[in-house]
Amino acid sequence: MCAAGFAVTLATMATFGYGLDRWVFALLVWAALVFLPLRILLDASETPAARMRRALAGRIANDPGRYDRPGYLPVIVEELAARRVAMPRICHPLHGRQATAAAVALVTRAWTRPDAASALRQAIATLVSAVWHDATSLSAAATGASAENIQARWGAARALGGMSALTTILAAVYADRWGRDPVIRELEGRTLDGFLAAASDYCDEAALQVDALPWTEPPVASSVPEATVNEVRGAWQAFLAAGLPAPRALDAFVRAVLPAEGP
């Protein structure tokens, strides 16, 4: 932005006949009066805790044992979320933070299992089924007889966007930890990235277009009972409605996705 402003300043000087021999003066003005104050303001707007977390993320990025330290998991997940997730326009910033908080909780729970990879892959598969059902319901709300209820469409689109973001974060954690993308058999050969991108794009299509197109992705071959999928969807909507912090709503959602193991 500052570079563009400096260029406009030079162009204006040339237009009014001042010549470009004063470019050093213009550069100093932009640096002293615009760039430095703006940089100071941006640096000051970041909390000490956020700066410490960002610094820690940088230090452990190349540590091969970082996933073996439970205290590092929130930092790893939040850093991956910041890099990998682009929320739909219809979603609020809070929804992105809730997706990240849910990802941290699910990864932490998966890491308590003897086979963390299997637990995380199962969580992703369950969420893929929930995403497909959410998209199907949103399509009905956006294109069917109830399409005039814009508030319902927005709410459904935000729930879908948040859950798509959550699943994207979990997939990024899986790939970062084990060096390969999770194989989700429920997608029957479709890529997880492509499926989640389609779901995320559909949020804005259904919520912001007057004549929204229907959701046309093929069904997923889910092995998850429909009752479990509906429980996950309901718990997710309750967590979104509760805002942050909402430990009870978050715990209920996490337990719906990854129930306690039997004896």
Chemist: So do the side chains of Arg109 and Arg255 get within less than 4.5 Å of each other, counting heavy atoms only?
Modeler: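 Sidechains of Arg255 and Arg109: in contact.
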Chemist: Is the number of heavy atoms from other residues, nucleotides or ligands under 6.0 Å of Arg248 CZ greater than 12?
Modeler: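 No, the 6.0 Å shell around CZ holds no more than 12 heavy atoms from other groups.
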Chemist: Looking only at side chains, do Gln122 and Ser118 share a donor and an acceptor under 3.5 Å apart?
Modeler: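 Their side chains do not contain a donor-acceptor pair, so the 3.5 Å distance test is not met.
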Chemist: Search all heavy atoms of Leu187 against all heavy atoms of Val220 and return the closest pair with its distance.
Modeler: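 Smallest interatomic distance, heavy atoms only, reads CD2-CG1, 3.9 Å.
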Chemist: Kindly compute the distance separating OG1 (Thr167) from CG (Asp193), expressed to the nearest 0.5 Å.
Modeler: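 Between Thr167 OG1 and Asp193 CG, I get 11.5 Å after rounding to 0.5 Å.
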Chemist: Contact between Glu188 and Pro218 at the side-chain level, heavy atoms closer than 4.5 Å - yes or no?
Modeler: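 When only atoms from C-beta onward are counted, Pro218 and Glu188 do not touch, as no gap falls below 4.5 Å.
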Chemist: Any idea which heavy atoms bring Ala198 and Glu217 closest together, and the distance?
Modeler: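 Minimum heavy-atom separation between Ala198 and Glu217: CB-OE2, 3.9 Å.
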Chemist: Using every non-hydrogen atom in the two residues, find where Arg121 and Tyr174 come nearest and quote the distance to one decimal.
Modeler: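 Looks like NH1-OH, 2.9 Å.
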Chemist: Is there a donor-acceptor pair closer than 3.5 Å between any side-chain N or O of His95 and the backbone N or O of His92?
Modeler: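 Confirmed, His95 side chain pairs with His92 backbone.
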Chemist: Give the ring-plane orientation class for Trp178 versus Trp111, where under 30° counts as parallel, over 60° as perpendicular and anything between as tilted.
Modeler: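 Geometry flag for Trp111 against Trp178: tilted rings.
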Chemist: Applying the 4.5 Å side-chain criterion to the ILVMFWY set and letting contacts propagate, would Val229 and Val128 be lumped into a single cluster?
Modeler: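 Unlinked, Val229 and Val128 end up in two clusters.
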Chemist: For the side chain of Asp204 and the backbone of Ile90, is there at least one donor-acceptor N/O pair under 3.5 Å apart?
Modeler: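 Here the side-chain-to-backbone pair exists.
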Chemist: Over all heavy atoms of both residues, which pair between Ala238 and Ala249 is shortest? Give the atoms and the distance, please.
Modeler: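 The pair with the smallest heavy-atom distance is O-CB, 4.4 Å.
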Chemist: Find the distance between CZ (Arg158) and CG (Leu240) and round it off to the nearest 0.5 Å.
Modeler: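 Result: 10.5 Å between the selected atoms.
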Chemist: Give, for atom CD of Glu231 and atom CH2 of Trp236, the distance between the pair rounded to the nearest 0.5 Å.
Modeler: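 Between Glu231 CD and Trp236 CH2, I get 15.0 Å after rounding to 0.5 Å.
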Chemist: Just verifying a value: how many Å separate Leu120 CG and Leu258 CG, rounded to the nearest 0.5 Å?
Modeler: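 The distance works out to 8.0 Å.
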Chemist: Rounded to the nearest 0.5 Å, what separates atom SG in Cys203 from atom CE in Met87?
Modeler: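 Output value for this atom pair is 8.0 Å.
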Chemist: Hey, could you give me the CG/CD1 distance between Asp176 and Ile76, rounded to the nearest 0.5 Å?
Modeler: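 Interatomic distance, Asp176 CG to Ile76 CD1, rounded to 0.5 Å: 7.0 Å.
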Chemist: Is Tyr202 reaching over with its side chain to a backbone N or O of Thr136, donor-acceptor style, under 3.5 angstrom?
Modeler: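 Side chain of Tyr202 to backbone of Thr136: no pair is present.
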Chemist: Do Leu170 and Leu127 have side-chain heavy atoms sitting under 4.5 Å apart?
Modeler: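 Contact flag for Leu170/Leu127 side chains = yes.
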Chemist: Side chains of Trp215 and Thr143: closer than 4.5 Å at any heavy-atom pair?
Modeler: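 Sidechains of Thr143 and Trp215: no contact.
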Chemist: Does Leu244 belong to the same Ile/Leu/Val/Met/Phe/Trp/Tyr cluster as Val104, with side-chain heavy atoms less than 4.5 Å apart forming each link?
Modeler: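 Yes, it is one cluster - the side chains of Leu244 and Val104 are joined through contacts under 4.5 Å.
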Chemist: Take Asp181 and Thr191 through the test side-chain contact (heavy atoms from CB on, under 4.5 Å) and record every step on the way to the result.
Modeler: CA-CA 9 Å; Asp181 293 331; Thr191 66; over 6 Å; no
Chemist: Carefully, step by step, assess Ser137 and Arg233 under the rule side-chain contact (heavy atoms from CB on, under 4.5 Å).
Modeler: CA-CA 11 Å; Ser137 297; Arg233 295 172 62 204; 3.0 Å; yes
Chemist: Are Val224 and Phe195 grouped together when hydrophobic residues (ILVMFWY) are joined by side-chain heavy atoms under 4.5 angstrom apart?
Modeler: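 No: no chain of side-chain contacts under 4.5 Å links Val224 to Phe195.
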Chemist: Test of understanding: clusters of I, L, V, M, F, W, Y form through side-chain heavy atoms closer than 4.5 Å, transitively. Do Ile169 and Leu94 belong to the same one?
Modeler: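 Hydrophobic grouping puts Ile169 with Leu94.
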Chemist: What are the two closest non-hydrogen atoms of Asp211 and Glu205, and how far apart are they?
Modeler: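 That would be O-OE2, 4.2 Å.
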Chemist: What is the minimum heavy-atom distance between Leu160 and Ala199, and which atoms define it?
Modeler: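 Looks like CD2-O, 3.7 Å.
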Chemist: Check for me, please, whether Val183 and Ile124 land in the same ILVMFWY cluster - side-chain distances under 4.5 Å, paths through other members count.
Modeler: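 In one cluster with Val183: Ile124, no.
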